[in-house]
Amino acid sequence: MNQQQFFDLDQGKNISYINDCSSTSGYSSANSPISMTQSPSHSPETFALQNEFANLNLPAMSNSPSPQLQQLRGSPYQQPLIVNQLLPSGNLCMEIDGGSNNILNGTTNFGNMYMPMDHFYATPQNVGYAANDGGVKQEYTAVLHIAEQPVEKFRFRYKSEMHGTHGSLNGINSKRTPKTFPEVILRNYNGPAVIRCSLFQTNLDSPHSHQLVVRKDERDVCDPHDLRVSQERGYVAQFINMGIIHTAKKFIFDELLKKKKDRLVFKMGRRELSTKQVQELHQETEREAKDMNLNQVRLCFEAFKIEDNQTWTPIAAPVYSNPINNRKSAQTGELRITRLSKPTGSVMGNDELILLVEKVSKKNIKVRFFEENDDGETVWEAYAKFRESDVHHQYAIVCQTPPYKDKDVEREVGVSIELIRPSDDERSFPPLPFRYKPRDAIVSRKRRRTCSTLTSSSSGSSSGSLNNSVELPKTVPQQGVANVSQHDQTISQEFGREFHLEQLINPESFRKILEQDSAELEKLCVTDIGVLETDGQQQSESADRTHGSRYNHNLTSTYLGEIFKIFDAARRAVDNKELYQSSCKKVENLFTDHAQKNVNNDTLLHEVISQRKDNLKLAIKTFQVIDYFKLRELAHTAQNADGDSCLHIACQQDREHYIRPLLGLGCSPNQQNRTDNTPLHLAVKEDRNNCIKLFLDAPGAKLDLSLTNDDGLTPLHMAIRQNKYDVAKNLINYDRSSINVANKTDGNNALHMAVLEQNVELIVLILDAENRMDILMSRNSAGLTPLQLARAKANDRCVRLLEEVYPDKGECAMTWIPLNIKEEMDSSSAEDDEESNSEVPAQSIKTEEIDMEFKTEYADEDSTMDDSDVEKQLEQLLSSKPRFDKLVAQLNEPTADNANLPKWKEIADKSDLKEFSWLWSSSEGMLNYLQHKLGDKQYKQFALALQELGMLSASN
DNA sequence: CGGGAACTTCA
DNA sequence: TTGAAGTTCCC
C-alpha cells in the first residue's frame, strides 16, 4: 500500500487500523506489511499531523520520532511488528523520558484540556488489569463519569462511504453552535492518566465489530482511542471527530475476533495467546457475531495509569455510554410520517387512511391515534388497523382509522397520529394532526336543529327553563311546546292506554294508532292550529311567507300546523267527499311546497322523525295525515337534497321505531342516496344494529342486498370490513345470494374480503352459506380466488381453513388461467351458461374445466421436472381415490416399534411436517395437506419416507 | 455535511 | 420472483 500509514504519536497506536490497509475486512491491518516496512520518517504527514481530538489546532504537537520509542514493541495489543513504526509525538517522547510535566502541555480544546497520546503496550508484568473480570473484583477509588453522552442516533457509514467528510459523532446536547462531543471526566484520581474510548456492543461487555474511527489526513484511525488527562487539565477527556464505520457482514467475524484478541492480549499483558485461548476466542466470537446488533453500539470508556515500566494499569471501572443507533436502519432509524392521505375521518372509524412514512419495518410498526389534554396527559388512544401486507415497500401504510371514543361528538375533534416501533418504543415526531368528524347523523341533526330553531332566541317568552328541551314547533307558545316534549317517549297518558314504541313496529298496532282519534292528540293539534289561526294564517303558498316575515316563525311548524288544521277539518266532515279531495290536494301541495323551501329540501316527514328530541306525537300525527290522505307516493319519493329518504334519516338518527311505520307508509327500503348508500348501508355504517334487524325482519320489505354504494360496497361488504359478525350473519341469513356479489372496488366478494380481514369466524360463516362453489371460484379484479388471495395475504390458519373446503384442496384454484384461455372458456360456455356474464371475470368457471386446465399445466411441468421418481410416484398414489384410501389405511397402522404410534405420525415427526402434525388426527389429514405440496421439501421428504417403508412401489 | 437513492445480495 | 436488507454511489 503506501507509506501514508505512518503517524505521529497522536495516532501511532492506531496506525494498525488504517482503513486502506490490507486485511480481510479491509479495515484492520493486523499484519500490515506496510507498517512493517515503513519507517516513521517516511511519513510526510508526520510533522503536520495533529491531534484530531484537539481539533487540529494545536501548535507544536508533533515532533520527530523519539528513538526511545522505537524500542517499544508490540502493537497496542499484540502486533509487535508495528511497534517500530509507532511514532511518538513530542508529548509521548516527553512522557517516555519521564518528563511527566511535559505531558501536561497537551492540547486545549474549547477550554477542555485533554491530550491525545499513543497507545502503549501492556507488558507481561502488568497483571492487575482485570477489573470486573476473571473473577477478580477490584475496588477502584477513581471513577469515570460521562459528562456528555453521545447522540442517540447517528448514521453508520460503510467504508466505501468514508471519502469526504460526513458528520461526526456529537454529544447529545450538541447544536450547530456550539457543538459538543462525547466527554468523560475522571474523578477521585491524582496524577496523569489515560482515558480510552472504544466501541462496544450494547448487550454484551464485548467489543463491537464496527469501527470507531477518527479521521486523520485521509485515513480513518480505528478505536481504541486514548486521551491523556491530568489534574492540570481537569481530568476531562473529550472525544472529537469520531465516526462509526459499519463493518460489512462478511467481515463481522474477522473484525470482532481481532478486537477481542487485541483486548485479551492487552489485558494479559502478553504478546501471544495460547492456542487454547485462541480457540476459545474463536468460539466466543462465533457466538457473538451471529446475533450481534449491527445497528446499535455504545462507547466504552476506560481509565489507565501508565506505570514507570510502561505497563498500563486500570484505575477505574469502565463505563458505557447510552446506545447509539444507526440512523439508516429501519430497525433503529427515525420514524417519521411524511404525509397523510387525508386529515380527517369519521368518528365511526374504519376510514381508509394512507400514511407515507420513512422506511419502516412492516413487522415492527404501529399507527397510534391519541388525544391529550392541556396538561399533556393522554386521554384517549387507539391503534389503526392494518396488516403486514398493507405496509407498502416500507414506505407507506394503508390502514383503517380506529373509531373515536365518543361517537356522538357534535363537532370535529382534533387528535394526533404517530408511528410507534414496538421493539424500542420509538415514536415518530412530530405527531401529525388528525380530525375526527361527527357522523352524518349528528351533522344532519345539527343542521336540522339550526334551521328549525332559528326563531326561538328572539322570542322573549322563553319563560320556562325548558327552552332547550324543545325544537319544534316554535309556532306554539313555549309553554305549549314544552308540554309536547315532556311526554315525547311515552304518549300513553295522552292515549289513555298503554302505548309502547313496539306498537309502532308491529303493523297491526300501528294501524290502530294511525286510525285512532285520540282526544289528547287531537287537543294538541287543535292547540297548535289555534295559534296559527289566531296568527292569521293564509293559504298554502302564502303561508310561510306571511309567517316567515311577519312572525319569523319556523317553516316546518307553520306548514305542519296548516296541514294538521286541514286534516282535522277533513276528518270531522266525515262524508264530505269533495272536502276530502280538496284537502288531499292542499296537503300534498303544502308538503311539496315545504320541501322546496326548506333547508336541504328536507320534507315534513324528514323533519318530523328527526327532531333532536324525539317527538312521537308529532310524528304519528304526521303519519296519520299521510295515511289518511293516502299520500304513499309522497312518502315513497320523499328525498332531500342529499338524496336521503326518510329511512336514511331514521337509520342515521337511530330512530329505529320509525322504520316500520315509514315502510308501511310507502318509503322504499332500497332507495339510494347521493352516495348510493341505501338506508341499510347507513345502518351498517353507523352501527345501528336495531335498525338493521328491523329492516331485515320487516314483513313485505323486499331488500336488495346487492346494491353497492359509491365505495363499491354492499352492506355485507361493509359489515365484513368492519368485522361485524352479527351484522354479517343477519345479512347473509336474509339473502344468501348476496354473499357472491363482488364489490366494485377490487372485485372481491364477501369471502375475499373476510379473507383479507383474516377473520376466521366470518370465513366460516360465509362458507356455511349456500352456493359455495360460486364463491370459492369467483375471482377478484386481480384474478384471484379467495384461496389464492388467502395464500397471498392471510395467515396460515385462514389458508388451511380454505384449503379444507376447496373440492381438490385448492389445487384448481392454484392454477392461474392465462387471459386468452380464460376468454375462450368464457365464450365457449356463454351460449349455454348465462350466469357467466358477471362483472367479475371468470366468476363462474366450472370446476371441471379448471381441473382440466390444471392437469394440462401440470403435464407440462411434469416434463420439465427433473426431480426424483419418488415424488411422481407419490403424486400418482394420491391422485386416485382408491389408492389414496389404501395409503390412508396403511399409514394409520402402528409402527413396528410402537403400537401406539401410527406410521404417519412417525413420518411426520421425523420430517418437516412435524410442526403441522397437531393439525391431523389421522393420516388422511396429512395426505390432504401434502396433496398440494408437490415440489416442496416436505413432499419429497414424505415420498422418500414412504419409499423407505416400501409403500411406494407396492401400491404402484 | 447530510441525505437520497441506486445498485447488489440475501432469504 | 419478490421484498427486504445490505452496500455503494453521488448530489
Side-chain angles (χ1 to χ4, degrees), chain A residues 19-20 24-27 52 55-56 150-171 174-181 208-211 213-216 218 220 240-256 289-297 324-339 356-365 386-398 421 423 428-429 782-784 788-789 791-795 814-816 818 857 861 864 912 935-938:
Chain A
N19 93 5
D20 55 356
T24 46
S25 72
Y27 303 125
E52 285 299 313
N55 237 7
L56 304 173
V151 288
E152 297 179 330
K153 290 195 167 17
F154 184 71
R155 177 160 165 178
F156 300 0
R157 298 233 172 223
Y158 286 86
K159 194 185 62 154
S160 64
E161 291 185 282
M162 296 303 283
H163 301 300
T165 163
H166 292 284
S168 69
L169 184 63
N170 292 335
S174 190
K175 313 222 173 55
R176 190 156 287 250
T177 48
K179 277 190 178 167
T180 66
F181 299 94
H208 200 284
S209 59
H210 291 168
Q211 306 294 341
V213 300
V214 171
R215 191 82 185 148
K216 261 188 195 180
E218 312 298 304
D220 296 313
I240 302 178
N241 267 342
M242 296 191 297
I244 295 173
I245 296 187
H246 189 123
T247 301
K249 276 249 157 109
K250 54 183 173 183
F251 297 132
I252 297 281
F253 177 86
D254 291 337
E255 286 304 319
L256 187 58
K290 199 155 44 106
D291 44 25
M292 181 163 48
N293 186 346
L294 296 182
N295 289 307
Q296 199 176 55
V297 300
I324 303 167
N325 296 289
N326 186 1
R327 195 185 279 283
K328 193 69 186 307
S329 157
Q331 304 305 326
T332 52
E334 252 158 32
L335 294 177
R336 205 159 69 84
I337 304 173
T338 311
R339 191 166 169 181
L356 301 189
V357 299
E358 292 296 334
K359 198 169 199 167
V360 297
S361 160
K362 64 184 174 190
K363 294 182 193 306
N364 190 14
I365 196 71
F386 63 93
R387 303 173 292 264
E388 277 185 22
S389 58
D390 293 325
V391 176
H392 179 76
H393 282 34
Q394 310 186 101
Y395 288 105
I397 301 174
V398 182
R421 185 168 50 217
S423 66
S428 62
F429 191 86
L784 300 177
Q788 289 169 331
L789 189 66
R791 287 181 169 141
K793 303 255 183 182
N795 56 31
M814 282 297 290
T815 309
W816 179 264
E857 270 195 15
E861 248 177 49
T864 60
D912 285 356
D936 280 12
K937 200 167 102 190
Q938 298 174 341

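A, B, ... follow the sequence lines: proteins, then strands. Residue 1 opens every chain.
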Might you confirm whether atom CD of A/Glu388 has over 12 heavy atoms from other residues, nucleotides or ligands at distances under 6.0 Å? yes
Whole Å only: how far is the NZ atom of A/Lys328 from the P atom of C/dT7? 11 Å
Report yes if some heavy atom in the side chain of A/Ser209 is under 4.5 Å from a heavy atom in the side chain of A/Leu294; otherwise report no. yes
Distance-only donor-acceptor test, A/Arg155 side-chain atoms vs B/dG2 base atoms, 3.5 Å: no
Please work out if A/Glu358 contacts a base, only the sugar-phosphate, or nothing of the nucleic acid, heavy-atom cut-off 4.0 Å. nothing
Between A/Lys362 and C/dA4, is there a contact of a side-chain N or O with OP1 or OP2 at under 4.0 Å? yes
Report yes if a donor N or O on one partner sits less than 3.5 Å from an acceptor N or O on the other, where the partners are the side chain of A/His393 and the base of C/dG3; otherwise report no. no
Could one point to a donor on the side chain of A/Arg327 or the base of B/dG2 with an acceptor on the other under 3.5 Å away? no
Could you tell me whether A/His163 contacts a base, only the sugar-phosphate backbone, or nothing, with contacts defined as non-hydrogen atoms closer than 4.0 Å? nothing
With a 4.5 Å limit on heavy-atom distance, are the side chains of A/Leu335 and A/Glu358 in contact? no
What's the CD-P distance between A/Glu161 and B/dC1, to the nearest Å? 16 Å
A/Tyr158 side-chain proximity, nearest of C/dA4, B/dG4, C/dG6: C/dG6
Length of the CG-P vector between A/Leu294 and C/dG6, whole Å: 7 Å
How about A/Asn170 and A/Lys175: do any of their side-chain heavy atoms sit closer than 4.5 Å? no
If the plane angle is over 60° it's perpendicular, under 30° parallel, otherwise tilted; pick one for A/Phe156 and A/His210. perpendicular
Would you say B/dC10 has OP1 or OP2 under 4.0 Å from some side-chain N or O of A/Lys250? no
May I ask you to evaluate whether A/Gln394 reaches the phosphate of C/dA5, defined as a side-chain N or O under 4.0 Å from OP1 or OP2? yes
A/Glu388 CD to C/dG3 P, in whole Å, measures 14 Å
How close or far is atom P of C/dA5 from atom OH of A/Tyr395, stated in whole angstroms? 10 Å
Between CD1 of A/Ile252 and P of C/dA5 the distance, given in whole Å, is 16 Å
